[in-house]
Peer 1: 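The structure follows.
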Amino acid sequence: LLLLKGLRPFNKSKFLNKYKTFAIIKDFNFNYLPKLLSFRTDMDRMYNENMLRNKSAALILMEPTFVKTFSWNRYYDFKYDITQALNVDYHANVNSRIDEPPGRIDEGWKKDSVWNNIKSLGRKTTFDHNFNVNYNIPINKIPLFNWLTTTARYGGEYHWTAAPLSATYLGNTIE
């Protein structure tokens, strides 16, 4: 229970409780564990096979057409309140494609190709992440400035998009 609640090592100090000028030290605290650690994944496969009816008395060979989409999305979240005043959060999102060989997946080597692509986590098409750090500066713990509150924040974003397979010479995009 102590691990979940956090620790306030100077909270019960009689000396620090006696003087308001030591409130910044008395209120020092930290947490052992992150507040949130999560992972979610979604796999979505769409497979469509069409075979047109041959009305030419078999004079024209008709081949089936295939439309296939196999995507894999992964989401990561991490939030950690290091202290009551210092908070960190991170969120990432990865979109991948599972590339499949052309045609029907009915032979062993084609199935192995799909499974190998899944094991390598697919071909990444986009990757985004956000990172934020918030710090409530404890200036209000000083008796002269007890009417002030100050917060400092740092945030960063990163976005990566893969070039299309038809134009890999263009390169990927990073923001």
Side-chain angles (χ1 to χ4, degrees), residues 3-7 29-56 58-137 149-175:
L3 290 176
L4 298 175
K5 213 173 180 186
L7 183 64
N29 62 77
F30 62 92
N31 294 312
Y32 292 107
L33 298 173
K35 185 178 187 179
L36 173 70
L37 186 60
S38 73
F39 170 73
R40 187 181 103 201
T41 183
D42 301 325
M43 292 181 96
D44 183 32
R45 182 167 190 244
M46 188 275 298
Y47 178 87
N48 185 2
E49 180 178 340
N50 280 334
M51 178 70 172
L52 297 176
R53 186 169 47 155
N54 194 345
K55 297 167 111 183
S56 68
L59 297 175
I60 301 173
L61 294 176
M62 303 296 280
E63 295 291 326
T65 58
F66 299 91
V67 178
K68 301 187 278 186
T69 308
F70 199 168
S71 62
W72 189 0
N73 300 319
R74 296 181 298 277
Y75 307 93
Y76 307 91
D77 280 306
F78 175 77
K79 292 185 181 184
Y80 188 20
D81 295 343
I82 299 168
T83 67
Q84 286 180 341
L86 181 62
N87 307 319
V88 175
D89 63 63
Y90 174 80
H91 173 75
N93 179 17
V94 181
N95 298 330
S96 298
R97 297 282 305 225
I98 306 298
D99 294 321
E100 301 182 44
R104 186 178 293 123
I105 308 296
D106 57 354
E107 299 174 31
W109 71 270
K110 289 184 177 182
K111 292 177 185 177
D112 290 343
S113 172
V114 172
W115 279 111
N116 287 335
N117 206 341
I118 290 172
K119 288 176 190 174
S120 67
L121 302 178
R123 178 178 46 88
K124 286 158 197 63
T125 55
T126 60
F127 173 77
D128 302 316
H129 80 231
N130 300 341
F131 177 76
N132 294 306
V133 177
N134 294 314
Y135 181 58
N136 295 324
I137 301 170
T149 58
T150 307
T151 302
R153 179 172 190 246
Y154 174 78
E157 293 183 7
Y158 175 81
H159 304 284
W160 178 85
T161 306
L165 290 177
S166 61
T168 55
Y169 60 89
L170 293 175
N172 304 323
T173 304
I174 296 175
E175 297 178 39

Peer 1: Without swapping roles, check the side chain of N117 against the backbone of S113 for a donor-acceptor pair under 3.5 Å.
Peer 2: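 Absent.
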Peer 1: Using 30° and 60° as the class limits, which term best fits the ring planes of Y75 and H91: parallel, tilted or perpendicular?
Peer 2: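 Y75 and H91: parallel rings.
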Peer 1: Atom OG1 in T151, atom CG in N134: separation rounded to 0.5 Å?
Peer 2: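 Reported value, rounded in 0.5 Å steps: 7.5 Å.
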Peer 1: Show me the donor-acceptor pairs within less than 3.5 Å that the side chains of residues 98-109 make with the rest of the protein, sequence neighbours left out.
Peer 2:
{"residue": "D99", "atom": "OD1", "partner": "R123", "partner atom": "NE", "Å": "3.4"}
{"residue": "D99", "atom": "OD1", "partner": "R123", "partner atom": "NH2", "Å": "3.0"}
{"residue": "D99", "atom": "OD2", "partner": "R123", "partner atom": "NE", "Å": "2.8"}
{"residue": "E100", "atom": "OE1", "partner": "R45", "partner atom": "NH2", "Å": "2.8"}
{"residue": "E100", "atom": "OE2", "partner": "R45", "partner atom": "NE", "Å": "3.2"}
{"residue": "R104", "atom": "NE", "partner": "E49", "partner atom": "OE1", "Å": "3.3"}
{"residue": "R104", "atom": "NE", "partner": "E49", "partner atom": "OE2", "Å": "3.3"}
{"residue": "R104", "atom": "NH2", "partner": "E49", "partner atom": "OE2", "Å": "2.1"}
{"residue": "E107", "atom": "OE1", "partner": "W109", "partner atom": "NE1", "Å": "2.7"}

Peer 1: Does the side chain to side chain contact (heavy atoms under 4.5 Å, CB included) test come out yes or no for F70 and V114, once each step is laid out?
Peer 2: CA-CA 10 Å; F70 199 168; V114 172; 4.2 Å; yes
Peer 1: How close do Y80 and P34 get, heavy atom to heavy atom, and via which atoms?
Peer 2: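 Heavy atoms of Y80 and P34 come nearest at CD1-CA, 3.4 Å.
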Peer 1: Could you list all the salt bridge (Lys or Arg N to Asp or Glu O under 4.0 Å) pairs where at least one residue sits in residues 75-97, not counting sequence neighbours?
Peer 2: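 Matches after skipping sequence neighbours: K35-D81.
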Peer 1: Please check if atom CZ in F39 has more than 12 non-hydrogen atoms from other residues, nucleotides or ligands closer than 6.0 Å.
Peer 2: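 More than 12 within 6.0 Å, yes.
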Peer 1: Once rounded to the nearest 0.5 Å, what's the spacing between atom CD1 of I137 and atom OG1 of T150?
Peer 2: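 Here the interatomic distance stands at 5.5 Å.
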Peer 1: Measuring from N87:CG to N136:CG, what's the distance to the nearest 0.5 Å?
Peer 2: 7.0 Å
Peer 1: Quick check: does any side chain N or O of T69 sit under 3.5 Å from a backbone N or O of M46, one acting as donor and the other as acceptor?
Peer 2: no
Peer 1: Search all heavy atoms of W72 against all heavy atoms of I118 and return the closest pair with its distance.
Peer 2: CZ3-O, 3.3 Å
Peer 1: Show me, pair by pair, the donor-acceptor contacts under 3.5 angstrom made by side chains of residues 159-175, not counting sequence neighbours?
Peer 2:
{"residue": "H159", "atom": "ND1", "partner": "D128", "partner atom": "OD1", "Å": "2.9"}
{"residue": "H159", "atom": "NE2", "partner": "E157", "partner atom": "OE1", "Å": "3.1"}
{"residue": "N172", "atom": "OD1", "partner": "A163", "partner atom": "N", "Å": "2.9"}

Peer 1: What is the distance from atom OG1 of T126 to atom CG of N93, rounded to the nearest 0.5 Å?
Peer 2: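 These two atoms lie 6.0 Å from each other.
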Peer 1: Atom CG of N31 and atom CD1 of I82: how far apart are they, to the nearest 0.5 Å?
Peer 2: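 Going from the CG atom of N31 to the CD1 atom of I82 covers 9.0 Å.
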Peer 1: Identify the two heavy atoms, one from P64 and one from M51, that lie closest to each other, and give their separation to 0.1 Å.
Peer 2: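 Minimum heavy-atom contact is N-SD, 3.6 Å.
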